[in-house]
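Structure first, then comments.
Numbers here simply count residues along the sequence, with the first being 1.
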Amino acid sequence: MSTVRIEPLLHYYRREKPSYRSPSKSFKLSSLNALPKKLVYNGRSFCNFEPPTPRALTLRAASTDAATVETFESTDLFFKETFPLKRTEVVEGKIFVRLDHGKNAKNWMLTVGCSLPGKWVLHWGVSYVDDVGSEWDQPPSEMRPPGSIPIKDYAIDTPLNKSALPVGGDQSHEVKIDVKPNSAIAAINFVLKDEETGAWYQHRGRDFRVPLVDYLQEDDNVVGAKWGLGAWPGALGKLSNVFVKAESSHSKDQDSSNESRDPQQKTRRVEEFYEELPIAKEIAVNNSVTVSVRKCPETAKNLLCLETDLPDHVVVHWGVCRDDTKRWEIPAAPHPPETAVFKDKALRTRLQQKEGGKGCWALFALEEGLAGFLFVFKLNESTWLKCAGNDFYIPLSSSNHSIALPREVPSEDAKVPDSSTEAVQEKKFTAYTNGIINEIRNLVSDISSEKNQRTKSKEAQESILQEIEKLASEAYSIFRSTVPTFTEEAISETEELKAPAKISSGTGTGFEILCQGFNWESHKSGRWYIELQSKAAELSSLGFTVIWLPPPTDSVSPEGYMPKDLYNLNSRYGNIDELKETVRTFHKVGIKVLGDAVLNHRCAEYQNQNGIWNIFGGRLNWDDRAVVADDPHFQGRGNKSSGECFHAAPNIDHSQDFVRKDIKEWLHWLREEIGYDGWRLDFVRGFWGGYVKDYIDSTEPYFAVGEYWDSLCYTYGEMDHNQDAHRQRIVDWINATNGTAGAFDVTTKGILHAALERCEYWRLSDQKGKPPGVLGWWPSRAVTFIENHDTGSTQGHWRFPHDKEMQGYAYILTHPGTPTVFYDHIFSHYHSEIKALLSLRNRNKLNCRSRVKITKAERDVYAAIIDEKVAVKIGPGHYEPPSGPQRWSISAEGRDYKVWETS
């Protein structure tokens with residue numbers, strides 16, 4: 001019986017309170033990293049360390065090491081740091097399927113459950129006796145358990161609830177479905193989905209199928225089992241001998257092959273059964289390692305101790321370095337027990353188990369004069385634990401500790417420090433962060449100085465700016481794990497940042513203002529490109545710098561979001577020549593053009609031998625290897641999806657080399673042939689952000705933004721104030737692209753909805769007094785908006801509160817982030833008000849990294865000051881900017897909003 005793994009992993013698991021079994025034989029690790037809790041800027045990299053703390057180390061050892069340990073405990077501690085270690089572990093559980101009599105003796109009850117932790121959903125449908133092929137249908141309403149949600153017109157999503165009785169001693173989740181024995185339903189089809197990971201679970205790559213009748217007909221259109229053959233084509237083939245038994249015996253030579261039979265007469269009833277199938281799932285496990293260094297006064301050696309709660313079979317791969325180049329060397333003896341030389345460049349030491357068996361440790365005596373201690377953990381032949389992708393580096397010279405953060409992370413049972421201690425810690429923390437900020441600002445100030453402008457070429461300046469941006473992205477990816485409300489003040493340019501300077505590919509200059517140049521109905525005229533050309537000069541005069549055009553490819557849907565032949569650019573919006581002319585027209589008036597690239601899915605041209613649409617046509621004539629294996633409806637032969645599945649079309653497997661190669665060639669062709677300057681990427685939840693980085697690195701767009709659409713957090717139908725989890729998921733995707741693309745700030749749109757609809761403007765400030773959306777954490781990658789073709793227009797999936805649109809624009813056009821204005825709003829009665837706000841933003845050089853200071857966030861009013869130049873208030877409540885050296889004058893106002901500028 002095969003074991004199926006679910007990946008990717010998107011949630012965390014605490015080892016302290018296991019709710020499942022984790023056999024050692026199933027242990028597997030992958031994608032492991034440690035995220036340090038403190039950072040110190042050191043040239044081009046970030047080192048991790050902490051200065052001395054007075055707490056003594058308690059350590060037990062074998063008798064042979066007692067003298068060394070005693071010496072270690074008696075010396076002075078000058079360094080101590082605890083690093084969190086994040087790894088994944090495969091745990092095994094069971095999927096169980098049971099059919100028995102329900103409460104009503106006339107009916108049956110189908111129970112599907114899972115013994116592993118998770119947020120499980122049953123994605124299911126039914127097949128009828130007269131169905132053709134493998135299509136699903138929605139079950140009748142009386143068959144649907146409470147909480148079921150219809151999916152399109154073919155399936156139902158039903159959440160699994162905690163079961164009353166555990167399976168094998170573990171807490172399980174299950175759902176029960178009532179089945180009527182005399183219905184026309186031939187089978188129930190299903191797959192399991194873990195909403196915490198977004199992963200689909202099938203059996204051997206196909207849907208689970210539970211047949212309910214034996215319809216003895218030879219035609220291929222019958223869905224269900226052919227019991228006389230001893231097997232059936234559904235995913236649970238091995239259960240055929242227990243799912244159904246004959247109501248009466250049949251002889252082996254009974255004729256059942258040629259006649260067309262009445263299903264009401266030739267069906268046999270099911271009998272009770274229970275079957276279990278193995279399931280394996282990767283979960284996150286959180287460990288840590290504590291590194292302590294003491295100086296021995298007698299020998300002048302550094303004594304370094306590693307303590308960790310990793311399994312006792314772990315090996316530390318280590319060495320030393322003599323300078324800041326961090327080049328590995330083998331130190332002089334003595335070395336700890338069970339140490340071996342590795343390729344004459346490093347040492348390997350098996351960690352010793354602590355007394356009591358909880359964790360392991362090692363002690364290293366290091367000669368004087370070394371700059372640092374380097375190490376990584378080896379868990380098996382192919383798995384290593386590193387520090388945010390790099391080797392762990394522990395400085396061995398106390399002179400390197402000048403700007404360390406002297407703050408120790410307390411244990412769970414540690415006492416809370418008093419107010420005076422907190423004040424000291426806060427002061428030291430401020431000094432630490434200011435040190436990092438000043439280091440980067442020095443680079444920014446240097447690049448912005450007049451002397452630098454005269455002595456360095458534009459290419460050299462851009463190179464420095466790009467390096468700053470990469471450093472900031474690297475710092476953010478580490479820092480956000482412990483300081484989730486990190487702001488970009490540390491990487492802000494000086495106030496007089498020059499707009500023409502490009503910072504890095506895909507992120508523009510920071511001064512962009514986007515226009516979405518279409519709505520849901522734009523395709524209907526058949527000549528949208530031509531109509532848009534006539535608007536180019538006006539859009540430029542309004543202050544827009546970038547326009548987002550609709551999907552250009554041939555598509556099953558007229559709107560363009562179900563693409564077929566990617567190289568066929570004759571769409572409902574116009575032909576390829578009209579598209580080229582539209583791009584040229586916008587370029588002439590100084591506006592960059594984004595193409596809407598649908599990379600997650602693609603509609604097939606042909607059916608495979610099973611009647612499934614998964615064979616593609618046109619220049620990119622891929623077969624089913626280009627389709628992910630866990631898309632439950634398209635029988636792909638690729639790998640499992642790296643994101644969510646889009647059920648309306650085959651989901652493309654971006655892990656395939658030939659797929660990425662073809663997509664990059666197509667994007668290059670669009671840039672060269674059409675003249676696109678960048679990309680708006682559709683449904684990026686469907687595939688890993690690392691693939692987006694590959695496409696952006698290859699095509700070097702001016703600007704790129706992804707649509708990472710996710711539901712906000714609600715409790716009993718009311719939106720939560722804290723939306724950190726929601727914006728974290730968007731930030732995680734941006735970080736997966738290595739910061740090469742921005743993302744639409746769905747969090748900010750959702751919070752604006754709640755604040756304006758309910759007159760709860762306090763929602764516009766998070767718990768730390770910062771903007772509560774992505775723009776509060778990573779403003780240079782937040783693309784803000786209030787409406788688009790999906791949420792507004794004639795679709796209206798999530799329409800902005802009526803008559804409050806200008807409050808929304810007053811917010812996003814004055815705040816950091818890159819604002820987007822919807823076409824329908826530009827050419828409406830809001831035209832003059834939007835024009836005034838656009839002019840104000842450009843006049844004051846507000847940009848994606850502008851600094852915002854929230855001055856009021858109450859029930860009926862929100863107010864903020866941006867870059868000390870602009871003040872804004874939205875809501876019916878009263879607000880006036882503070883009086884002082886600045887003189888404020890009203891520049892724009894409308895219903896429940898005002899904007900001021902300094903004179």
Short side-chain donor-acceptor distance under 3.5 Å, N639 and S655:
yes
For the student: nearest non-hydrogen atoms of I730 and A743, plus distance:
CG2-CB, 3.6 Å
Within-4.5 Å side-chain heavy-atom neighbours: N600 and E644:
no
State whether F377 and R87 meet the cation-pi test: NZ (Lys) or CZ (Arg) under 6.0 Å from the six-membered ring centroid, and within 45° of the perpendicular axis.
no
Could you walk me through whether I185 and Y128 pass side chain to side chain contact (heavy atoms under 4.5 Å, CB included), step by step?
CA-CA 4 Å; I185 296 175; Y128 291 93; 3.6 Å; yes
Is there a donor in the side chain of N287 and an acceptor in the side chain of T308, or the other way round, less than 3.5 Å apart?
no
Would a distance-only check, ignoring hydrogens and angles, find a side-chain to backbone donor-acceptor pair under 3.5 Å from N722 to D724?
yes
In terms of side-chain heavy atoms, does H601 have a donor or acceptor partner in N651 at a distance below 3.5 Å?
no
If you round to the nearest 0.5 Å, how far is CD of E605 from CG of N614?
13.0 Å
Verify, without hydrogens or angle tests, whether R98 (side chain) and Y274 (backbone) share a donor-acceptor contact under 3.5 angstrom.
no
I want to check something: taking the side chain as every heavy atom from C-beta on, are V627 and Q635 in contact at a cut-off of under 4.5 Å?
no
Side chain to side chain contact (heavy atoms under 4.5 Å, CB included) assessment of T111 paired with F96:
CA-CA 8 Å; T111 304; F96 55 90; 4.2 Å; yes
From I156 CD1 over to R144 CZ, what is the distance, rounded to the nearest 0.5 angstrom?
4.0 Å
Minimal heavy-atom distance between D790 and Q795, with the atoms involved, is OD1-NE2, 2.8 Å
Could you walk me through whether V97 and F190 pass side chain to side chain contact (heavy atoms under 4.5 Å, CB included), step by step?
CA-CA 11 Å; V97 183; F190 70 90; 4.2 Å; yes
Electrostatic pair K640-D630, nearest N-O below 4.0 angstrom:
no
Ignoring hydrogens and angles, tell me if any N or O in the side chain of N608 forms a donor-acceptor pair with the backbone of N610 under 3.5 Å.
yes
From the list F683, Y561, F634, ring pair (Phe, Tyr, Trp, His ring centres under 6.0 Å) with F646 holds only for F683
Between L310 and C360 the two heavy atoms that sit nearest each other are O-SG, 3.7 Å
Nearest heavy-atom pair of V179 and I188: which atoms, and what distance?
CG2-CD1, 4.0 Å
In terms of ring plane angle, is the pair W709 and W798 parallel, tilted or perpendicular, where the classes change at 30° and 60°?
perpendicular
Heavy-atom check, side chain of L192 versus side chain of L160, under 4.5 Å
yes
Please find the pair of heavy atoms, one from W124 and one from P145, that lie closest to each other, and give the distance.
CZ2-CD, 3.8 Å
Flag, side chain of Q656 to backbone of R625, donor-acceptor distance under 3.5 Å
yes
When L599 is tested against each of L681, V684, V692, D682 for side-chain contact (heavy atoms from CB on, under 4.5 Å), which residue passes?
L681
Strictly distance-based, threshold 3.5 Å: is any side-chain N or O of D194 a donor or acceptor partner for the main-chain N or O of K119?
yes
Output the distance between atom SG (C114) and atom CD1 (I279), rounded to the nearest 0.5 Å.
4.0 Å
A side-chain contact here means heavy atoms from C-beta on lying under 4.5 Å apart; do W622 and V659 qualify?
yes
With heavy-atom distances below 4.5 Å as the criterion, would you say the side chains of Y691 and R660 are in contact?
yes
Residue of the set T158, D157, N189 for which side chain to side chain donor-acceptor pair (under 3.5 Å) holds with H123:
D157
NE2 of H173 to CG of N161, rounded to nearest 0.5 Å, is 8.0 Å
Check the pair S641 / D631 against side chain to side chain contact (heavy atoms under 4.5 Å, CB included), numbers first and verdict last.
CA-CA 8 Å; S641 175; D631 186 329; over 6 Å; no
Minimal heavy-atom distance between Q138 and V126, with the atoms involved, is O-CG2, 3.9 Å
How about L379 and L385: do any of their side-chain heavy atoms sit closer than 4.5 Å?
yes
State whether the side chain of S115 and the backbone N or O of K94 hold a donor-acceptor pair below 3.5 Å, judged by distance alone.
yes
State the CD1-CG distance between I663 and D694, to the nearest 0.5 angstrom.
9.5 Å
Nearest-0.5 Å distance, CG of residue D178 to CD of residue E142
9.5 Å
